[in-house]
Protein chains: 2
Amino acid sequence: MRAYAKLREKPDMPWSLDEISQFLDQQGIRPSFQRLKIFEYLVNERTHPTADEIYEVLRKDIPSISRTTVYNTLRLFLDKKIIQMVNIEKNEARYDATLSWHGHFKCLKCGQVYDIEIEELKLGGLAGYQVLEKHLDLKGLCPSCCQGK
Amino acid sequence: MRAYAKLREKPDMPWSLDEISQFLDQQGIRPSFQRLKIFEYLVNERTHPTADEIYEVLRKDIPSISRTTVYNTLRLFLDKKIIQMVNIEKNEARYDATLSWHGHFKCLKCGQVYDIEIEELKLGGLAGYQVLEKHLDLKGLCPSCCQGK
DNA sequence: TCTCATATTTGTAATCGTTATAATATTAAA
DNA sequence: TTTAATATTATAACGATTACAAATATGAGA
C-alpha cells in the first residue's frame with residue numbers, strides 16, 4: 001500500500017481537483033468529472049462512506065450521476081489500489097482513501113466509523129502464510145455516545 | 001465472551017449430542033434436533049462454515065431441514081452469544097463456535113478460513129471508547145497454496 | 001391421555017446491496 | 001471529420017438474508 005498522502009506538501013490540506021486529476025492520471029485512470037468528484041469526496045471527507053452515501057451526496061452536484069457509475073468507479077479505484085474497502089459491517093461496504101495500516105471502529109449507536117491507530121500487532125503461527133490484506137475492525141460506543149450512558 | 005470449551009474435561013474431544021443438549025439447555029435454548037445438529041457441526045468441525053454450507057451438509061441427515069431454520073438458529077445462537085459471526089468476506093457470513101479472542105485468515109486461492117493466534121495487540125487513541133467487539137481478518141495464501149508458487 | 005397454548009420448523013415471497021447487460025454519450029486517435 | 005475506444009447511464013438480474021404465515025411439534029395442566 002502506498003501512503004501517497006505523505007508525498008504531498010501539506011498532507012492535511014484538502015486535495016484540489018487539479019491535484020486529484022494529476023494523481024488519477026499518474027495511476028492510469030482517466031480523470032472524468034464523475035471520477036474526480038468521487039475521489040474528492042473520499043479523500044477530503046474521509047468518513048468511510050458507503051456507495052449509496054456517495055451517490056446521494058454527489059447527486060446534488062451531478063444530477064445525472066447513476067448508482068452504477070459510483071459502483072463502477074469504486075471498483076476501478078479498488079483495482080488500481082488507490083482506495084480500500086472497509087467491511088466492518090455486514091451488507092454494507094464502505095470505502096477509504098487512507099491506505100496506511102490502521103483499524104476501524106464503528107459506533108453501534110450513531111453509526112459513525114472512526115480510524116483507530118494500531119501501535120503494535122503480533123501474530124502467532126503464520127509461518128508459511130503469505131499475508132496480503134489485514135483488517136482490524138472494532139465495534140462499540142464512541143465517546144460522544146458513551147456520555148451519560 | 002465465555003470460553004466455555006475450556007470448562008470441558010477434554011477440551012479437544014468432539015462434543016457428544018448429550019453434552020450439546022445440556023449446554024444449550026444451560027444457555028436457555030431448547031435443544032431441538034435441528035439445533036443440536038447445527039451446533040454439533042459448528043463446534044466439532046470448526047471450519048467457519050456459511051449458513052448455506054451448514055444447510056447442504058445437514059440436508060443429508062435431515063432431508064426436511066430448511067434454509068430458514070439454519071438462519072433462524074444461527075441468529076438465535078448469536079443472540080445468546082454462544083457463537084460469533086465472521087465477516088472476513090463481503091456477502092458471505094461465516095459462523096464460529098470459538099469465542100476466545102483470535103483472528104481469521106482466508107486463503108484467496110482455496111477459500112479456507114484458518115484461526116490465527118494473536119500474541120499482542122496495542123491500540124492507540126481509544127480513550128473514551130467502549131469496545132464491545134474486535135475482529136482481526138487477514139487474507140492471502142495459506143501454506144498449501146503457497147507451495148511451489 | 002387429551003387439550004390447548006406455545007415454540008419450532010418450513011416454504012414462499014420480499015428485501016437490499018451489488019453486479020450484469022446493453023444502449024447512449026463522450027473522448028481520443030486517425 | 002470519421003472512427004474506435006472508453007465512460008456513463010438506466011434497467012434488469014442476482015444472491016444472501018429476512019419477513020411472513022402456515023404447518024408441525026412440544027410441553028404443561030386437566
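No experiment lies behind these values; they were computed from the predicted model shown.
The same ILVMFWY cluster, assembled from side-chain heavy atoms under 4.5 Å apart, contains both A/Phe77 and A/Ile62. The hydrophobic cluster containing A/Leu58 also contains A/Trp15, counting ILVMFWY residues as joined when their side-chain heavy atoms lie under 4.5 angstrom apart, directly or transitively.
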Do nucleotides 12-18 of chain D as a string where each nucleotide becomes B, S or -: B if the base has a protein heavy atom under 4.0 Å, S if just the sugar-phosphate does, - if no protein is that close.
----SBB
Nucleotide-resolved protein contact map, nucleotides 24-30 of chain C, B/S/- at heavy-atom distance under 4.0 Å:
---SS--
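Taking atom CG on A/Leu76 and atom C1' on C/dT19, their separation rounds to 16 Å, with Å as the unit. Atom pair A/Tyr55:OH and C/dC16:P shows a separation of 16 Å (rounding to whole Å applied). B/Arg59 has its CZ atom 10 Å from the P atom of C/dG11, to the nearest Å. B/Ile65 has its CD1 atom 15 Å from the C1' atom of D/dA25, to the nearest Å. Protein atom CG of A/Leu74 is 13 Å distant from nucleotide atom C1' of C/dT19, rounded to whole Å. We find that CZ of B/Arg35 is positioned 11 Å from C1' of D/dT26, with the value rounded to whole Å. One can place NZ of A/Lys37 at 17 Å from C1' of D/dT8, the figure rounded to the nearest angstrom. Atom CG of A/Asn72 is separated from atom C1' of D/dT9 by 10 Å (rounded to the nearest Å).
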Quick one: do B/Arg46 and B/Thr98 satisfy side chain to side chain contact (heavy atoms under 4.5 Å, CB included)? Show the steps, please.
CA-CA 8 Å; B/Arg46 296 183 187 270; B/Thr98 304; 2.4 Å; yes
Side chain to side chain contact (heavy atoms under 4.5 Å, CB included) between A/Cys110 and A/Cys142: does it pass, once the steps are laid out?
CA-CA 8 Å; A/Cys110 68; A/Cys142 74; 3.9 Å; yes
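Using bins of under 30°, 30° to 60° and over 60° for the plane-to-plane angle, the ring pair B/Tyr129/A/Tyr114 lands in the perpendicular bin.
The side chain of A/Ser32 places an N or O atom within less than 4.0 Å of a non-bridging phosphate oxygen (OP1 or OP2) of D/dT8. Using a 4.0 Å cut-off, no side-chain N or O of B/Gln34 falls inside it from OP1 or OP2 of D/dA25. Listed pair A/Ser66 / D/dT8 fails the phosphate criterion, with no side-chain N or O lying under 4.0 Å from OP1 or OP2.
In this structure, B/Tyr55 has its ring center no closer than 6.0 Å to that of B/Tyr71.
With A/Phe23 as the fixed residue, the side chain to side chain contact (heavy atoms under 4.5 Å, CB included) test singles out one of A/Ile82, A/Asp18, A/Ile29: A/Ile82.
Side-chain contact check for A/His104 versus A/His135: every heavy-atom pair is 4.5 Å or farther apart.
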Please tabulate, for the side chains in residues 33-43 of chain A, all donor-acceptor contacts under 3.5 angstrom to protein atoms that are two or more places apart in sequence or on a different chain.
| unit_1 | atom_1 | unit_2 | atom_2 | d |
| --- | --- | --- | --- | --- |
| A/Arg35 | NH1 | A/Arg30 | O | 3.0 |
| A/Lys37 | NZ | A/Glu40 | OE1 | 3.1 |
| A/Lys37 | NZ | A/Asp61 | OD2 | 3.4 |

